Amino acid sequence: MSALKSADVPDVLAASYRRSRGEAGRAWIAALPALAVESMERWELERDGATMYGQASLVLPVVCKDGTRGVLKFQMPRQETTAALIGLRAWNGEGTVRLLDHDPVSSTMLLERLDGYRTLAAVEDDDVAMGILGELLARLVSVPAPRGLRGLGDIATEMLERVPAAVMALADPADQRLLWTCASAVTELVGEPGDRLLHWDLHYDNVLAAEREPWLAIDPESLAGDPGFDLWPALNSRWADVAATGQAHRVIRRRFELLTEVLGLDRQRAVGWTLGRVLQNSLWDIKNGHIALAAPQVAVAEALLNR
């Protein structure tokens with residue numbers, strides 16, 4: 001099986017890069033087949049399965065020269081990719097996919113092979129799934145953040161500077177008040193941003209079944225900060241199912257209580273930093289032209305504010 005042909009690059013991935021990265025994205029997509037060949041030769045790999053992909057990366061299953069089953073992950077170099085490499089090196093496979101090797105120039109990663117078709121979302125009992133995720137997250141945030149990562153303090157400060165203009169962009173006064181409430185919570189915590197190694201995107205679909213351990217985390221967007229800032233993706237997991245229960249606030253609060261218990265967090269502080277994630281997500285949405293807060297953001301904020 002050849003490394004990669006131009007026709008094998010998924011249209012969804014190519015369109016995503018054209019939309020988000022313009023000419024630089026087009027150039028990276030065009031060079032991807034050659035990069036795949038170079039990487040396969042560099043590490044003496046053989047293709048071992050169908051191409052997998054997301055909005056930002058392409059993954060090729062491979063077999064190493066010694067018989068180890070792995071994957072090559074290709075993603076355009078950027079700050080988040082560098083942060084992921086820093087995090088994976090620091091965790092060294094403890095609770096996460098293991099980084100076997102990488103190319104610092106292209107940011108290509110050679111990773112251990114997990115079961116890409118079985119995520120934690122396959123576990124139907126939400127308490128069981130959230131417990132598994134919580135145990136993984138507790139292991140990850142137990143590691144001090146290494147140098148080279150963005151800090152939550154800087155991110156929080158930048159967020160607060162954008163709030164006044166963002167509030168004015170919202171059409172509903174209730175949304176405006178909620179955004180101010182989230183900003184107030186961050187204002188109280190910004191001076192104590194924390195120093196743990198955060199995953200920043202640990203939800204059910206970023207936990208895969210594995211052989212070395214039952215479940216391992218993938219795709220970190222590593223950050224230095226308070227573990228409370230890492231809870232929102234878990235609270236938002238399988239959101240369509242949560243919303244369909246008609247009891248979203250109850251589910252969110254149950255998840256929050258379970259996670260904070262497993263991680264041993266101060267709950268009031270964790271509420272504040274989770275509101276910080278609501279603020280961050282909402283600021284991104286507003287920057288993209290939204291004039292109303294998204295339903296999951298409102299539900300998470302309201303559930304925690306009315307605990």
Side-chain angles (χ1 to χ4, degrees), residues 95 117-141 170 172 174-175 177-186 189 198-209 214-221 223 225-285 290 292-307:
Y117 298 98
R118 185 166 178 244
T119 74
L120 194 53
V123 177
E124 293 187 7
D125 188 308
D126 195 62
D127 281 356
V128 172
M130 196 58 57
I132 292 169
L133 188 149
E135 293 288 353
L136 282 176
L137 188 56
R139 292 169 65 185
L140 301 186
V141 301
L170 293 171
D172 188 337
D175 283 351
R177 289 192 294 271
L178 187 56
L179 203 68
W180 277 123
T181 297
C182 293
S184 295
V186 173
L189 295 170
L198 308 185
H199 183 286
W200 209 359
D201 196 28
L202 193 61
H203 50 76
Y204 286 169
D205 289 332
N206 271 347
V207 179
L208 297 184
W215 301 97
L216 290 169
I218 63 167
D219 290 349
E221 300 179 12
L223 174 73
D226 189 290
F229 198 67
D230 240 5
L231 302 184
W232 187 89
L235 299 176
N236 185 60
S237 286
R238 214 156 42 194
W239 178 254
D241 292 343
V242 173
T245 66
Q247 302 181 63
H249 288 183
R250 182 189 63 79
V251 176
I252 291 165
R253 284 193 286 265
R254 171 65 179 162
R255 288 176 168 185
F256 180 81
E257 298 294 327
L258 193 156
L259 288 170
T260 51
E261 181 178 352
V262 171
L263 273 72
L265 302 183
D266 176 284
R267 284 179 173 150
Q268 193 57 41
R269 185 178 179 86
V271 166
W273 279 124
T274 301
L275 293 176
R277 283 300 288 270
V278 170
L279 177 62
Q280 183 179 58
N281 296 336
S282 298
L283 289 172
W284 286 335
D285 287 344
H290 294 245
L293 299 184
Q297 311 301 337
V298 174
V300 169
E302 289 180 346
L304 298 186
L305 286 168
N306 299 315
R307 284 173 61 236

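Heavy atoms only: backbone and side chains are in, while hydrogens, waters and symmetry mates are out. Source: prediction; values computed, not measured. Index from 1, following the sequence.
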Tell me, yes or no, whether the heavy-atom count around Glu257 atom CD, taken from other residues, nucleotides or ligands under 6.0 Å, exceeds 12.
yes

For [X], what residues pass the salt bridge (charged side-chain N to carboxylate O under 4.0 Å, His left out) criterion, not counting sequence neighbours?
| X | result |
| --- | --- |
| Arg254 | Asp127 |
| Arg255 | Asp126 |
| Arg139 | Glu94, Glu213 |
| Asp241 | Arg238 |

Apply side chain to side chain contact (heavy atoms under 4.5 Å, CB included) to residues Leu120 and Trp215 and explain how you reach the verdict.
CA-CA 8 Å; Leu120 194 53; Trp215 301 97; 4.0 Å; yes

Residues in side-chain contact (heavy atoms from CB on, under 4.5 Å) with [X], at least two apart?
| X | value |
| --- | --- |
| Leu265 | Pro227, Leu231, Thr260, Leu263, Ala270 |
| Glu261 | Arg267 |
| Ala185 | Leu275 |
| Ala292 | Asp175 |

Side chain [X], main chain [Y], donor-acceptor under 3.5 Å:
| X | Y | value |
| --- | --- | --- |
| Thr274 | Trp232 | no |
| Arg118 | Ala209 | no |
| Asn206 | Leu202 | no |
| His199 | Ile218 | yes |

Quick test of your reading: applying salt bridge (charged side-chain N to carboxylate O under 4.0 Å, His left out), list the pairs with at least one residue in residues 200-209, sequence neighbours left out, ordered by first then second residue.
none

Close side-chain approach of [X] to [Y], heavy-atom, < 4.5 Å:
| X | Y | value |
| --- | --- | --- |
| Asp226 | Arg269 | yes |
| Val251 | Thr245 | yes |
| Arg307 | Phe256 | yes |
| Cys182 | Val186 | no |
| Leu216 | Val207 | no |
| Leu293 | Asp285 | no |

Between [X] and [Y], which heavy-atom pair has the shortest distance, and what is it?
| X | Y | result |
| --- | --- | --- |
| Met130 | Ala234 | CE-O, 3.4 Å |
| Asp230 | Pro233 | O-CD, 3.6 Å |
| Trp239 | Ala299 | CH2-CB, 3.5 Å |
| Ala301 | Leu178 | CB-CD1, 3.9 Å |

Cation over ring, Arg277 on Phe229, under 6.0 Å and within 45°?
yes

Sequence-distant partners of Gln247, side-chain hydrogen bond (donor to acceptor under 3.5 Å, both in side chains), two or more places apart
Arg250

Counterpart residues, side-chain hydrogen bond (donor to acceptor under 3.5 Å, both in side chains), relative to His249 (two or more places apart):
Glu302

Kindly determine whether Leu235 and Leu259 satisfy side chain to side chain contact (heavy atoms under 4.5 Å, CB included), including the steps that lead there.
CA-CA 9 Å; Leu235 299 176; Leu259 288 170; 4.0 Å; yes

Just how far is it from atom CG of Leu140 to atom CH2 of Trp200, taken to the nearest 0.5 Å?
15.5 Å

Is there a side chain to side chain contact (heavy atoms under 4.5 Å, CB included) between His203 and Asn236? Walk through the geometry before answering.
CA-CA 8 Å; His203 50 76; Asn236 185 60; over 6 Å; no

